[in-house]
Amino acid sequence: MPELPEVEIIKQSLEKKVKYKTINNILVKNSNLRFKIQKNFIHHLKNKKILNISRKSKYLVIKLEGNIFLIIHLGMSGTLHYLKKKKNIFYTNLSFYNSMILPKKHNHIEIIFSEFKIVYNDPRRFGFFLIIKSDHELENYFKKIGPEPFDQSFSYNYLKNKFHRKDKNIKNFLLDQNLVSGIGNIYANEILFYSKINPLKKVKEISKNEITKIIKYSKKVLNNAIKKGGSSIKNFKNITGINGHFQDEFAVYDQKGKTCPTLNCNKKIIKLNISNRSTYLCKSCQK
DNA sequence: AAGAGGCCCTGATAGC
DNA sequence: TGCTATCAGGGCCTCT
């Protein structure tokens with residue numbers, strides 16, 4: 001579900017609630033997430049104060065006392081929910097992603113604080129929680145992950161080198177987290193539309209001018225999505241509170257059959273399947 | 001050895 | 001209404 005902008009929104013709201021707070025307890029109701037919850041998971045988190053919350057591409061990184069890091073990845077369907085305590089009862093107040101009422105099923109992990117708790121819900125269980133025990137190990141964990149579009153190292157020369165003689169198409173390149181991180185299927189479609197590049201174009205064929213556009217629009221699209229609070233699609237039925245609004249501005253994603261938003265282009269948006277991911281484009285604008 | 005596709009899993013929706 | 005098939009925001013693993 002969440003790509004870089006959604007994880008950034010979650011990070012910001014989570015930070016407000018949990019920074020400098022101490023974890024009282026952890027409840028693991030289902031340890032079978034993408035990866036099995038580690039054996040000493042609870043031990044490493046219990047009674048630890050949260051010192052910092054950061055985001056690395058689509059990962060949340062929570063730093064705790066004692067050089068312990070909790071990595072959370074939300075996979076396709078993971079959401080975090082803030083529940084406030086009143087007279088020893090936890091009330092749903094606000095979720096970090098969708099602001100929906102806490103679903104009845106698939107609440108796998110609860111992180112309990114004195115005045116509230118954070119509940120992790122994930123129907124598909126593609127997400128995971130992982131404990132990392134040192135700075136060194138953390139550095140190592142993210143070693144293979146490519147730069148995010150906001151990084152200095154996501155530069156013209158970086159892309160020029162990575163594109164050189166490579167047969168990969170540009171859509172798959174943007175989705176490969178080892179090459180550039182944080183972009184998922186929605187934003188890959190959007191970035192290529194604004195860059196006027198056909199998703200099937202081989203990266204070795206991409207021009208200098210197009211490289212510049214990819215860099216420009218990767219930042220622009222992601223930044224704009226963050227400003228709009230991310231994209232909330234496929235909402236649950238009972239929603240209260242804050243949603244993201246970027247889905248209202250999709251140029252091509254999920255817009256099959258609609259008219260291309262480019263001025264004076266009257267062609268329809270088409271849908272292709274590339275490596276089993278839905279791909280939307282305007283054949284006339286994207287060459 | 002790079003690159004494409006299968007697969008992990010549940011739920012929503014479309015079509016019959 | 002109720003069945004079946006298809007699809008979904010990710011990414012690891014296995015094939016070729």
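Model, not experiment: these values are computed from the prediction. In what follows, chains are A, B, ... by sequence order, proteins preceding strands, each numbered from 1.
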Report summary line: In whole angstroms, the gap separating C1' of B:dA2 from NZ of A:Lys202 amounts to 11 Å

Requested in this report: Would you check if the distance from the ring center of A:Phe116 to the ring center of A:Phe90 is below 6.0 Å?
Outcome: no

Report summary line: Under a 4.0 Å heavy-atom cutoff, the residues of residues 167-185 of chain A touching DNA chain C are A:Gln177, A:Gly184, A:Asn185

Query raised in the report: For C:dG11, does OP1 or OP2 lie under 4.0 Å from any side-chain N or O of A:Lys58?
Result: yes

Query raised in the report: Whole-Å distance between C:dG11 C1' and A:Leu74 CG?
Result: 14 Å

Report task. Starting from C1' on B:dG11, measure out to CZ on A:Phe126 and report it in whole angstrom. Result -> 12 Å

**Report entry** Nearest-angstrom distance from the residue atom CG of A:Asp254 to P of B:dA12
**Finding:** 17 Å

Report task. Starting at atom CG of A:Asn276, determine the distance to atom P of B:dC7, rounded to an integer number of angstrom. Result -> 10 Å

Requested in this report: May I ask which nucleotide in the shown strands pairs with B:dC9, Watson-Crick or G-U wobble, both distances under 3.5 Å?
Outcome: none

Report task. To the nearest Å, give me how far apart CZ (A:Phe163) and P (B:dA2) are. Result -> 17 Å

Query raised in the report: In terms of the nearest nucleotide of DNA chain B, which residue is placed more toward the 5' end: A:Ser275 or A:His106?
Result: A:Ser275

Query raised in the report: Is A:Tyr253 near enough to C:dG9 that one of its side-chain N or O atoms lies under 4.0 angstrom from OP1 or OP2?
Result: yes

Requested in this report: Sequence neighbours left out, what passes ring pair (Phe, Tyr, Trp, His ring centres under 6.0 Å) with A:Tyr253? Give chain and number order.
Outcome: A:Phe250, A:Tyr280

